[in-house]
Amino acid sequence: MGRNPRYDVLFEPVRIGPVTARNRFYAVPHASGMTNAMPRMRAAFRETKAEGGWGVVCTGYVSIDPGSDDTPLPYATLWDEDDIRSHALMTEAVHRHGALAGIELWHGGGAVTNRLNRTPSMSPSGTAWMPTHVSYMGNQRPRVMDEQDIRELLEMQRRAAARARSAGFDIVYVYAGMGYLPHEFLLSEWNHRTDAYGGCIGNRVRIVRELLEVTREAVAGRCAVALRISLEELRARPSDNAASEAHEVVQLLADLPDLWDVKMDSETTDCAPSRFTPEGSHEPVIAFVKSITGKPVVGVGRFTSPDAMVGQVRRGVLDLIGGARPSIADPFLPRKIDDGREDEIRECIGCNICISSWHECVPVRCTQNPTIGEEWRRQWHPERVPPAQSASAVLVVGGGPAGLECALTLGRRGYEVMLAEAEEELGGRLRFETRLPGLATWSRVLDWRRSQLQRLNNVTVYRGNRLEAGQILELQPAHVVLATGARWVPLLYTPLEVPAGTLDTPGVYTPDDVAAGVPMEDPVVVFDFDNYYMGSALAEHLARGGHNVSYVTPSGLASAWGVMTNEQPQVYRALAAAGVRLHTLARVESFTAGKLTLTHVFTAARAQLPCRALVIVGARLPNDALYQALMARREELPAAGIAAVTRIGDALAPGAIAHAVHSGHRYAREMDAGDGGRILRRDAPLRTVER
Ligand code: ADP
Ligand code: SF4
């Protein structure tokens with residue numbers, strides 16, 4: 001099967017200064033959670049994207065100096081010669097597949113707190129970036145940069161750019177975005193300077209110009225010089241000389257960089273969740289750039305559809321299709337389009353579990369792609385699986401994310417698989433969750449697996465089959481995998497976080513009851529200490545369905561964990577729009593006769609809310625009845641030829657969909673592998689100079 005000529009334009013080479021990208025697929029810099037302490041993992045993770053056809057593959061943010069220290073968040077370093085080898089591992093890996101390697105050199109300025117380094121950070125006028133935001137809070141404010149600091153910053157960039165060249169990079173960045181140091185110079189609220197670097201926009205842009213110039217000198221014609229810039233605020237500001245300050249900045253720098261990489265200002269708008277923001281959301285902010293510069297422009301928009309990509313090029317919005325999340329969910333996206341297999345693309349669902357990994361300071365995880373970050377340490381390739389090692393038949397019980405991923409991967413390996421699902425429809429928890437406000441895109445988890453399964457004639461799917469222990473013994477599979485999911489329970493906790501037992505009074509419900517369409521009387525209270533999406537999504541769903549809804553949480557914020565996935569700001573807007581009343585730092589004490597008694601988490605002050613239906617969104621327990629029934633007949637298993645019964649996904653440990661997919665994939669990969677096949681290699685830093 002060949003490429004559809006409609007997509008030919010995506011495979012045209014693009015000249016970027018002295019180098020040429022083989023096509024328009026550009027894996028932009030993004031947080032990977034992999035520091036210099038994980039050089040092999042990092043190289044393999046990026047090599048996979050190059051192998052998958054991306055024309056350019058970039059690093060995440062790479063600090064140019066110990067004074068730009070984002071600890072505990074996982075950032076890379078290029079501080080001295082010692083750091084070069086670790087990056088060279090990546091450039092060599094990316095070059096093996098004909099892709100270019102880009103490096104995002106970074107100074108955090110007033111957005112970092114130098115916790116590790118213990119020296120004050122610096123910013124143009126001493127103001128911190130986002131000091132009211134909990135994850136950026138530090139007790140020390142940045143110092144004001146003097147002229148010497150500016151000279152040193154330019155030297156830091158120059159030296160780092162020269163090291164980047166030695167490490168083999170083809171594209172070297174100046175990063176003036178996301179509140180980091182050069183971006184702070186661009187915005188007048190952060191920059192109150194009265195010298196040549198402050199005041200009019202021509203002065204505020206000076207530092208960016210000089211950073212570009214020193215970078216160009218350092219790479220000495222061998223590498224392209226890219227500018228990554230956030231345009232959201234600047235675009236909203238009027239200018240005397242242009243349509244906006246953003247227009248003026250682009251006019252002033254125009255053809256100075258070899259490439260413009262344009263983005264939004266904050267994580268929540270730059271990497272917005274699909275729950276609230278559609279594909280291509282950056283376009284209104286960034287579309288003007290190409291009309292001013294003659295240099296190529298790259299931008300992102302969670303693009304997964306090749307038609308949308310072609311549209312961006314044809315309409316003159318972008319020259320290069322930037323991918324961060326789409327390149328995580330499917331590192332082989334370009335290759336699949338090239339082969340005419342675009343229906344095989346594992347499309348990003350926009351859940352932002354990937355970005356949550358960075359916030360949690362661990363290597364990137366993905367709901368759709370369980371192999372991401374596992375390329376080196378578990379030797380998992382996204383497209384290749386080891387062949388089956390036996391003729392064993394496997395029965396997978398449960399067609400949710402875990403069971404589907406497990407059956408698919410076992411099937412790809414060549415095993416005979418039976419997948420039994422109790423309901424007529426596959427999908428498990430997705431059957432209901434994708435009907436919640438904003439979560440329809442998540443059905444891609446099911447759609448992709450279902451369509452891939454249809455291609456395998458060694459996997460038989462039985463729907464409407466609720467299996468019991470006796471039937472499984474009769475079926476006599478060699479292996480039984482239980483992916484029977486989990487259920488919500490109306491469990492409460494004491495103020496000391498000790499489980500206080502379940503609340504089994506009439507009028508108490510769980511999300512499973514809402515999923516089953518159980519009727520509820522108003523007023524409804526959703527009590528959420530799960531803290532992820534379910535509580536707020538249910539509150540919005542019930543309110544939109546006409547209910548009078550309040551949302552209560554013991555946390556300080558609604559959907560507290562949603563800060564990890566960039567959902568939280570929009571959760572607030574969605575709940576406000578749906579008319580849901582919020583009560584934070586409150587715990588359910590009792591519920592009787594239409595009245596809910598709450599206690600304040602810190603003061604123990606009591607409050608009462610009218611309530612006829614209390615939906616508790618807190619604990620989940622595995623559906624392990626089938627497992628217990630099989631274990632009760634353990635001695636009959638050998639005679640039935642059953643070698644093992646294994647639980648995966650929520651049936652083992654309730655978690656997010658990403659956990660279930662990873663669990664199902666892992667079982668399938670490790671089947672028949674023996675201990676030697678259960679790889680978890682430990683990475684370690686590389687040093688150029690041993691001391
Ligand atoms: P996970 O996230 O771990 O995949 P889900 O809750 O999404 O878990 O999916 C579990 C699936 O297992 C549900 O679709 C449910 O209908 C199915 N299931 C549970 N018990 C049985 C059973 N005894 N036989 C067949 N299917 C079952
Ligand atoms: Fe997309 Fe979610 Fe994977 Fe991130 S974790 S790449 S948002 S599917």
Side-chain angles (χ1 to χ4, degrees), residues 346 349 366-371 380 385 388 392-434 442-469 471-472 475 477-487 512 515 620-630 642-672:
R346 193 174 38 227
I349 67 166
C366 172
T367 300
Q368 276 284 56
N369 178 9
T371 68
W380 289 359
V385 288
S392 305
V394 188
L395 170 68
V396 180
V397 185
L404 285 166
E405 176 66 23
C406 186
L408 175 61
T409 309
L410 287 169
R412 285 168 66 203
R413 290 190 61 189
Y415 286 99
E416 278 305 316
V417 183
M418 292 172 279
L419 172 63
E421 166 54 52
E423 304 295 327
E424 288 300 333
E425 223 187 310
L426 291 173
R429 59 193 289 183
L430 294 165
R431 284 191 295 266
F432 171 61
E433 293 183 12
T434 53
W442 291 19
S443 61
R444 290 172 175 179
V445 172
L446 166 64
D447 297 341
W448 183 77
R449 287 169 180 80
R450 193 172 37 200
S451 72
Q452 297 302 302
L453 276 171
Q454 274 161 6
R455 295 160 195 244
L456 296 173
N457 48 25
N458 52 330
V459 180
T460 316
V461 180
Y462 300 92
R463 294 156 206 254
N465 264 277
R466 181 171 295 280
L467 291 186
E468 309 218 335
Q471 291 164 291
I472 293 176
L475 278 168
H479 297 272
V480 178
V481 185
L482 299 179
T484 47
R487 64 194 184 283
D512 294 325
R620 291 163 75 211
L621 290 176
N623 289 329
D624 62 355
L626 185 55
Y627 178 73
Q628 300 305 345
L630 283 167
I642 298 175
V645 177
T646 311
R647 288 166 296 174
I648 60 168
D650 291 322
L652 178 67
I657 297 167
H659 296 115
V661 171
H662 189 274
S663 167
H665 192 85
R666 183 171 156 217
Y667 175 90
R669 284 266 178 182
E670 294 181 351
M671 169 94 177
D672 286 335

Looking only at non-hydrogen atoms, find the nearest pair between [X] and [Y] and report the distance.
X      : Y      : answer
Ala469 : Ala629 : CB-CB, 3.9 Å
Glu425 : Arg431 : O-NH1, 2.8 Å
Met671 : Ser392 : CE-CB, 4.2 Å
Met418 : Pro477 : CE-CB, 4.1 Å
Arg487 : Pro622 : NH1-O, 2.6 Å
Leu621 : Pro654 : C-CG, 4.1 Å

Between [X] (side chain only) and [Y] (backbone N and O only), is there a donor and an acceptor less than 3.5 Å apart?
X      : Y      : value
Asn465 : Glu421 : no
Ser443 : Thr434 : no
Thr409 : Cys406 : no
His659 : Ala656 : yes
Arg444 : Arg346 : no

Does this structure show an ion pair linking [X] with [Y], if we count only N-O contacts that are shorter than 4.0 Å?
X      : Y      : answer
Arg450 : Asp447 : yes
Arg463 : Glu423 : no
Asp650 : Arg429 : yes

Kindly compute the distance separating [atom1] ([X]) from [atom2] ([Y]), expressed to the nearest 0.5 Å.
X      : Y      : atom1 : atom2 : value
Thr371 : His662 : OG1   : NE2   : 9.0 Å
Gln452 : Leu404 : CD    : CG    : 12.0 Å
Thr646 : Tyr627 : OG1   : OH    : 8.0 Å
Leu408 : Trp448 : CG    : CH2   : 5.5 Å
Leu410 : Leu395 : CG    : CG    : 11.0 Å
Cys366 : Ile349 : SG    : CD1   : 7.5 Å

Can you tell if the side chain of [X] reaches within under 4.5 Å of the side chain of [Y], non-hydrogen atoms only?
X      : Y      : result
Leu482 : Ile648 : no
Val417 : Asn458 : no
Gln368 : Arg449 : yes
Tyr415 : Asp672 : yes
Thr460 : Leu419 : no

Run the numbers on Leu652 and Asp624 for side chain to side chain contact (heavy atoms under 4.5 Å, CB included), then give the verdict. CA-CA 8 Å; Leu652 178 67; Asp624 62 355; over 6 Å; no
More than 12 heavy atoms from other groups under 6.0 Å of CZ on Arg666: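 Atom CZ in Arg666 is not packed in, count stays at 12 or less.
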Any donor-acceptor pair under 3.5 Å linking the side-chain atoms of Arg466 with those of Gln471?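 No.
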Without hydrogens or angle criteria, can the side chains of His665 and Arg669 be said to hold a donor-acceptor pair below 3.5 Å?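 Distance-only check passes for His665 and Arg669.
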Verdict with reasoning, Leu626 to Ile472, per side chain to side chain contact (heavy atoms under 4.5 Å, CB included): CA-CA 10 Å; Leu626 185 55; Ile472 293 176; 3.9 Å; yes
Run the numbers on His479 and Tyr667 for side chain to side chain contact (heavy atoms under 4.5 Å, CB included), then give the verdict. CA-CA 11 Å; His479 297 272; Tyr667 175 90; 3.6 Å; yes
Go through the steps for Val480 and Val394 under the test side chain to side chain contact (heavy atoms under 4.5 Å, CB included), then give the verdict. CA-CA 6 Å; Val480 178; Val394 188; over 6 Å; no
